[in-house]
Amino acid sequence: MISQMQQKSESPDTKGKILEVRGLTKRFGGIIANDNIDMDVFVGEIVGLIGPNGAGKSTLFDMVAGVKPSGSKRFPDAGCVRFLGHDITQLKAHQVCRLGLARTFQIVRILEKMSVLENVTVGALCRTSEVYEAEKKAEKICEFVGLKDRQNLAAGELTIEGKKRLELARALATEPKLLLLDEVMAGLNPSEVAETLDLLRQINKQGITIIIVEHVMQAVMAISDRIVVLDYGKKIADDTPEAVVKDKNVIDAYLGSEDA
Amino acid sequence: MFEAWVTVLISGLAMGAIYALVAGGLNLTWGVMNVVNMAHGVFLMLGAYITFMAWSYWGINPLFTIFLSFPILFALGALINRFLVRRTVGLASMLLTFGIFMVIENLAVVGFGGMYRSVRFFTGSYDIMGVFVSKPRIIAAGIAVAMSLLTYWFLKKTKIGVAIRAISLDRMMAEQCGVNTNQICTITFGIGAAQPAVAGSLMSLIFAFNPMLGRVFLVKAFAIVVLGGMGNFLGALIGGLTIGLVEAVIAFSGNLHLSEAAGFIIIILILLLRPSGIMGRRQ
Amino acid sequence: MRSRIIPIILLTLFVLGTIVFGASCETKEPIVFGGALPLTGWGADGGEYNRRGYMVWEDMVNAAGGILGRPVKVIIYDDKSDPTVTTRLYEKLVTQDKVDFLLSPWTDDMVMAATTVGEKYGKTIVAGGATYPAIWERGYKYVTGLLPNSKDYLGVGIRFFSGLKTVALLNLDLTFTTGFADAAEWNFPREGMTLVLPRQTYTGDTTDLTAPLMKIKAKNPDFIVACTGGAEDATMILRQAKEIGLNPKAWWFTIAPVIPEYIEVLGEDAEYTLGCSEWEPELPDTIEDFSIRAAFNQRHREMFGGEDPVEDAATTFGVGQIMQLAIEKVGELDDEKINEALHELDTSTVFGYYRVDEAGKQKGKVMYVIQVQNGVRETLWPFKAATSVLRFPTPPWDKRD
Amino acid sequence: MIKDVARSLWALGWMGGGAIAAFVVLLLVAPWVVSPYVVSLFMAMFMYIVVCSSWNIISGFTGYVSFGHVVFWGVGAYVTAVLVWKFNYPWPLAVMLGGVGSAFLATIVSYPILKLTGIYFAISMLALAEAIKILTSHFRSVTGGGGGIYLRPMASLNILYLMMGFLALAVVLVCYSITHTKFGRSLLTIREDETAAESLGINITRRKIQALILSGLFPGIAGGIYVMNVCFIDPATAFDISITVNIILMTTFGGIGTIIGPVLGPVAFTALSEFLWASFPFLHRAILGAILIAMVMGMPNGIMPFMVRFAQWVGIREFFSRRREASQ
């Protein structure tokens, strides 16, 4: 099913660079949430984005995905974001989504009163205007992420694991080229984490690039090709997992707050 | 000309103070309890009739009748909350209060008759160097402002007041902190009914009224609550005064139609510019 | 679940009830007259007085042996003060109840609605309680009027003060009061009066008239005509005028001064105010031919706990009388002929003279100029019927005792 | 999208199709069977079905509760009345243009006003309706001012009744089919969570504007038909806040956010109030109020839950539920 999706989408950027963040800055009043961040993501990668609480990870996600960060009316104060060669800095979330960038939310934003299948259908409607077709596709995706047996439940009735999975399914349904995952493993037990990692690897294998914010450190280390570390809104490291754990800045930043 | 302007402005402010009192009660039921109270107008009307009857049958000074209308309507409001409103939420509570409105207004028409009444007690004005200040309106406005400030003080400084504000911010949290939300909501609804009743008592001095009295003020009261910021009591006072003033200025420099339309247009504009009201918390 | 079945059943019953509701009253013998009045809603007071007029008429006609030897039956429905309901009820009266004749509803909007139905079915209506000229300017064939239209209604008062030069006009923006204000503006130049500033229109929701009254005060007119809808807005105008010391030589109000509670609500502030009345219970017979007025007054008192009839009761009694006279003149229940007769009649009723032009507009009715003096409405004009003389000019508020 | 509409209509099946056919037959037959009084009562009922269903598009499906929906009805009525009165337009055209007028109003106010959410949107609509009422009263040369506009009767009751009946049917079918299209799904998503909706590629601003325009269009036509029937309109009637209150009451009573709720609500309410009014002339409002209180206390979610169960029992599920079950 995923391969079908890939056939429709255009071939990735020849340079292999899918996302390019340059000098991105965002202030809330006096607080600088993101300070002059540069970041590149290449096609097919899984990039982990980590940092202590309040490091600015979710704000970065919001701005990349075109969601106005909560408490703010404007997009970034400075800097730019390029996705597949398009400047998407000032684009809104729905436009970014149509370009092929999907995300999940730290605090799940599922449509509680709708059924699981309907939730996924809404995502699928991003690429078609036929509800019937979208439903067919949603069913396949539900099967792929393992929600098939629960697809007619009201989404609000799902467990936290189910909800996280649903968000992932819904994001997949929009046929993304880049997937931003905000703590999809928080609150899951080790076996559920393992299942999710497996799922992410499968998704990645279909050619979808993934950026993942996560507190479950072992999981990030296990899955990421590369890790970017933020602290107080600044990028302090950008390297392979092995190198990052040895980085002095990173150890300082996490000292005492390491929770994994 | 100067005197004329001052006369008009004072009159507008006086009307604004009365709007504010009506809106203040709504702010409690709506801003705190999240009940869109369609019965608000009938509480006001009942207050007016209590004053009228106390004055015409027993000759009680109408200003003292607020000590009658406040407790009576407080009790009625508390009972309505205890037995009816408390059990509903959201749009259902709006339907419910509309039912209450229909019952009370209809019974009032049957009981009091549809004819106009008025309390003839203070008429005329104080003439201060060519500025005319209406006696009934300024006295009513004074009491209205005092009442609004008293409520403000009550909410800021007393234990019950703090509990009420806590509920308006986060009901669950208040419950967690040991607030008996049911009891406090009953008190809130009681005050929310007693405040417009006092306003009604004051209006009986100003207007000729019949059982439909409350309808005129309901729309404006809703608008003022939003204008001042839901759950913000000083905001309702300022919102009321602002609307009263704006209406007076435009009525004098333009005409009455434009002034009433302007009141509503300003509400829309302020909401667009400051979506949580002039004094509201930023979202 | 079981307990929830009951509401469903109830709802179904209500739906069926509505459909079944429609069983008409079956009486062949009497001549049936039907109409709708606002018995609830904002017009409830006027509607009730109107109903009394019809009731007394029915009672008295039947006591006197009916019309053409047949008794009379009056059906009155409640239109809830809503013209849409009026339309529906008149449709019902004509097609379902199959009444022989229609009676007039109360006030202009309802008359508009009812006469539209009447026109459609060729059922004539003598409009009581309506003055809006548009009612007769629509080219309808089956409507005549009992009251003078608003141009005459206002004209009486304005002609009475013909000598005054400057005038200000206040206007409540309802249908009939707007009609009054238009009529006032039409009349002013004909009597040599000039408006000192454009008419000041206020709405039913207006709570503060300081601004327009201050504007009027700055122009200091001799005469103020206030096209008010009732005691409520007249009270506000007079009280606020007193507060700011607005002192014209004369105050003229529409409607308000004849409303029973007007004097009660305003007390001494109502003194000197003028208005016009369509009818007064105690008037010498010299002015109009009130042959059965005394009987009407007495029967009304008997039937309604000793209360004196008011203008609105006399209106509907008059409507009944006119219908009766027309039917008796024709001698049969033929709608066309009776409609013709209604256009030709030149007669008088309890309410006053009745004579209409081709359009059906009333032109025979005499209006009375009244003034509140010592807490009582006194008639000033026509002079033959006068009970008192004009108190003029109105003293300034601070010079009254 | 067209395919979806067709498919959804097909999905009504023989039962739904039969219901529609039965409705059309009853609609056509009624004037010969019942009295004009009942016909005009039905007409009032259809009018409320139209306005309630339209209100439901923006307030029930999209979650933007409007406290001023009467404004669209009133503007439609006024546009029709003015076109017929001043410009002698043929009345059917004027009625249609009434709908265009109200949709135009919805278009111009939509962008700013839909930036507000929740109660702020509700109050802005309320203020809009009041402001337009006063302005209508003020600009006398165009609108006839407070005196209103009177027209000659041009169309017969039965014609107008049929128009209103078919309009009601059309609106209900439109509401039904949009819930089966991408557009309808987008609205439901917006109601649940705007941020999520946007992140799923839904242009929320555009969708909300479209919803408001659609929601403003039909009441305008209904207002036009109304004014042709009563032949009189003034600002106090055209922008009467109690119409908005009735819309909210009836729809909530029937079940907000459903297809059949805004149909059941007006029917039940009209029938109930008519019955009470005939039986208790002076206390009918109090009794209606008491019944309302009793119903809210007994069934806080409106009559919908019962109707849904009833429907499940009968076996027609599709029309009652806003959540479409997997139909295959």
Side-chain angles (χ1 to χ4, degrees), chain B residues 1 3-5 7-12 14-16 18-19 106 109-110 113-120 122-127 130-138 203 205-213 215-217 219-220 244 247-257 259-260, chain C residues 38-49 81 170-173 197-215 217-218 230-246 256 259-262 264-270 397-398 400:
Chain B
M1 197 57 195
E3 288 84 358
W5 268 107
T7 302
V8 170
L9 293 184
I10 289 179
S11 186
M15 211 54 234
I18 296 166
Y19 289 157
N106 195 175
V109 170
V110 174
M115 65 283 271
Y116 283 95
R117 310 279 196 188
S118 185
V119 174
R120 227 172 332 112
F122 305 103
T123 55
S125 60
Y126 303 106
D127 181 350
V131 174
F132 300 101
V133 180
S134 157
K135 281 184 202 172
R137 281 171 193 253
I138 202 70
M203 280 179 200
L205 293 165
I206 301 176
F207 302 113
F209 61 91
N210 72 358
M212 324 268 179
L213 171 69
R215 294 185 179 190
V216 176
F217 295 91
V219 173
K220 243 172 221 166
E247 283 188 353
V249 168
I250 297 178
F252 197 51
S253 53
N255 71 44
L256 274 172
H257 272 143
S259 93
E260 287 192 21
Chain C
L39 301 176
T40 56
W42 63 263
D45 281 2
E48 172 58 17
Y49 294 133
S81 311
L170 283 155
N171 171 210
L172 173 64
D173 75 346
L197 77 173
R199 78 165 79 163
Q200 299 291 306
T201 307
Y202 57 94
T203 72
D205 291 346
T206 301
T207 50
D208 188 359
L209 288 167
T210 312
L213 292 175
M214 287 299 282
K215 279 197 255 183
K217 191 186 174 197
E232 185 195 19
D233 47 339
T235 303
M236 189 149 66
I237 291 173
L238 275 174
R239 282 190 178 170
Q240 294 208 291
K242 179 180 176 181
E243 286 162 8
I244 63 161
L246 173 60
I259 288 176
E261 63 257 36
Y262 171 76
E264 192 187 318
V265 164
L266 272 160
E268 59 198 21
D269 292 345
W397 294 100
D398 50 2
R400 301 185 188 184

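None of the values given here were measured: they were computed from a predicted structure. All values below were derived from every heavy atom in this structure, side-chain atoms included, with hydrogens, water molecules and symmetry-related copies excluded. Letters A, B, ... are given to chains in the order of the sequence lines, protein chains preceding strands, and every chain is numbered from 1.
Only the side chain of C:D173 has a heavy atom closer than 4.5 Å to any heavy atom of chain B. Neither the backbone nor the side chain of C:D398 has a heavy atom closer than 4.5 Å to any heavy atom of chain B. Residue contact with chain C, scored on non-hydrogen atoms closer than 4.5 Å, involves the side chain of B:Y19 exclusively. Neither the backbone nor the side chain of C:I259 comes within contact range of chain B, judged by heavy atoms closer than 4.5 Å. Heavy atoms of B:V119 lying under 4.5 Å from chain C belong exclusively to its backbone. With a 4.5 Å cut-off on non-hydrogen atoms, B:V109 does not touch chain C at all. Using a 4.5 Å cut-off between heavy atoms, B:M115 touches chain C through backbone and side chain atoms alike. Neither the backbone nor the side chain of B:I250 comes within contact range of chain C; no heavy atom of the residue lies under 4.5 Å from a heavy atom of that chain. Contact of C:Q240 with chain B is made through the side chain alone, with heavy-atom distances under 4.5 Å. For a residue to count as touching a neighbouring chain, one of its non-hydrogen atoms must lie under 4.5 Å from one of that chain's; by this rule B:F217 touches chain C with the side chain only.
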Side chain to side chain contact (heavy atoms under 4.5 Å, CB included) between B:N210 and C:E232, intermediate numbers included: CA-CA 9 Å; B:N210 72 358; C:E232 185 195 19; 6.0 Å; no
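When C:D45, C:L209, C:T207 are compared by the number of non-hydrogen pairs under 4.5 Å with chain B, C:T207 comes out ahead. Counting heavy-atom pairs under 4.5 Å between each of B:V219, B:N106, B:V110, B:T123 and chain C puts B:T123 at the top. Per-residue heavy-atom pair counts under 4.5 Å with chain B were compared for C:D269, C:D233, C:L266, C:V265, and the maximum is reached by C:V265. Interface remark: of the candidates C:R239, C:K242, C:M236, C:M214, C:R239 forms the most heavy-atom pairs closer than 4.5 Å to chain B.
A donor-acceptor contact shorter than 3.5 Å is absent between the side chain of B:R117 and the backbone of C:E261.
C:T235 and B:A208 get closest at one heavy-atom pair: OG1-CB, 3.7 Å.
Put simply, CG on B:N255 and NZ on C:K215 are 6.0 Å apart, with the number rounded to the nearest 0.5 Å. C:L213 contributes atom CG, which lies 10.5 Å from atom CZ of B:F252 (distance to the nearest 0.5 angstrom). Between the OG1 atom in C:T201 and the NE2 atom in B:H257 there is a gap of 5.5 Å [rounded to 0.5 Å]. A distance of 11.0 Å separates CG in C:N171 from CG in B:L256, rounded to the nearest 0.5 Å.
The environment of CD in C:E268 is sparse: at most 12 heavy-atom neighbours from other residues, nucleotides or ligands sit within 6.0 Å.
Taking the charged nitrogens against the carboxylate oxygens, C:D208 and B:R137 do have a contact shorter than 4.0 Å, which makes a salt bridge.
Between B:F132 and C:T210 the shortest side-chain heavy-atom distance does not fall below 4.5 Å.
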